[in-house]
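Since the structure is predicted, the reported quantities are computational estimates derived from the model, not experimental observations. Atoms within a ligand are numbered from 1 in the order they appear, just like the ligands themselves.
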Amino acid sequence: MLTLQDVRYTYQTKNQVVEALRGVSVNFETGQFYAIVGPSGSGKTTLLSLLAGLDVPKTGEICWMGKSIKSMDLDRFRYDHVAVIYQNYNLFSHLTALENTAYPLYLQGVPKKEAEARAIERLKQVEITEEKYRRLPIHLSGGEQQRVAVARAFVTEKELVLADEPTGSLDSENSLRIVELLSNLAHKENRCVIVVTHDNKIAERADQILHMEDGRFEKTGG
Ligand SMILES: Nc1ncnc2c1ncn2[C@@H]1O[C@H](COP(=O)(O)OP(=O)(O)O)[C@@H](O)[C@H]1O
Ligand SMILES: [Mg+2]
């Protein structure tokens, strides 16, 4: 579904060129849960931002359903196909748990009532209880905020779900809950879920572990 062919990416800073990705080739399938692991600076975040369509490779190709994303409107690609979960949750601080979850549906023009009904379904799935629907993020625990962020990623039918260290600041119990949710999203809803993590317990739950080292995947095949 999502194929990378010899993808290279460099950052140009004032006095040097940083080769962040040095030839990444990989194939991601729907219904699968992938973990990307590797040392800091190995290129994981750069890779995710290319997968999210935030930028295009300097050379090489990223193809979505066989079509190069270079030939697509990247905003459209993101809007139609990609959901991202961030380490620091990125919930809107002035919106309630329910409004945060429903937000992608508001953007799609789904009527408020229907959007909220669909959001509530997702909040139930991530075990956020009713009395918390109307709370602002600051009145939720870190684990609850991250589950709301996951609910928001579930609420639209986007095929590609990307997460960069989604459990970074959570304790192990909450981390495992998030991983369980992401794993279900891949297996029960047939999405392609790609998670960057340094947590081995999370990586172990993935269908495939990809090891990044110095801008490339190690040739172990995971
Ligand atoms: N905006 C940037 N400008 C210059 N260099 C960057 C930038 N972002 C990342 N890099 C460099 O690119 C390499 C890969 O970074 P990154 O993708 O963030 O790795 P990881 O997420 O695995 O820690 C590192 O050497 C990093 O210093
Ligand atoms: Mg990173």
Minimum heavy-atom distance Pro39-Lys44, with the two atoms named: O-NZ, 3.0 Å

Modelled atom types, side-chain donor and acceptor of Tyr9 and Asp55, under 3.5 Å: yes

Protein heavy-atom partner closest to atom 22 (O) of ligand 1 - residue, atom, separation in Å: Lys44 NZ, 2.7 Å

Nitrogen or oxygen of Leu47 less than 3.5 angstrom from that of ligand 1: no

Lys67 to Phe77 six-membered ring, cation-pi geometry met (6.0 Å, 45°): no

Identity and separation of the nearest protein heavy atom to atom 6 (C) of ligand 1: Tyr11 CD1, 3.3 Å

Atom 26 (C) of ligand 1 touched by protein (heavy atom, under 4.0 Å): no

Distance-only polar pair, side chains of Ser25 and Asp6, donor-acceptor under 3.5 Å: no

Nearest neighbour in protein (non-hydrogen) for atom 16 (P) of ligand 1: Thr46 OG1, 3.7 Å

Best match, Gly41, Gly38, Gly215: closest heavy atom to atom 20 (P) of ligand 1: Gly41

Nearest heavy atoms of Ala153 and Ala83, plus distance in Å: O-CB, 3.8 Å

Nearest heavy-atom neighbours spanning Ser68 and Glu61: OG-OE1, 2.6 Å

Distance-minimising heavy-atom pair for Ala151 and Leu123: CB-CD2, 4.1 Å

Contact partition for Thr45 relative to ligand 1, non-hydrogen atoms under 4.0 Å: both

Ligand 1 atoms in contact with Ala20 (distance to a heavy atom under 4.0 Å): 12 (O), 13 (C), 14 (C)

Min N/O separation Gly43 to ligand 1 under 3.5 Å: yes

Contact partition for Thr13 relative to ligand 1, non-hydrogen atoms under 4.0 Å: side chain

Main-chain N/O of Arg177 paired with Glu180 side-chain donor or acceptor, under 3.5 Å: no

Contact summary for Leu98 and Ala119, nearest pair of heavy atoms: CD1-CB, 3.7 Å

The Mg ion (ligand 2) contact by Thr45, N, O or S atom under 2.8 Å: yes

Those atoms of ligand 1 less than 4.0 Å from some heavy atom in Pro39: 22 (O)

Element-labelled atoms of ligand 1 that are located less than 4.0 Å from some non-hydrogen atom of Val18: 11 (C), 12 (O), 25 (O)

Ser40 neighbourhood, listing ligand 1 atoms whose heavy-atom distance to it stays under 4.0 Å: 23 (O)

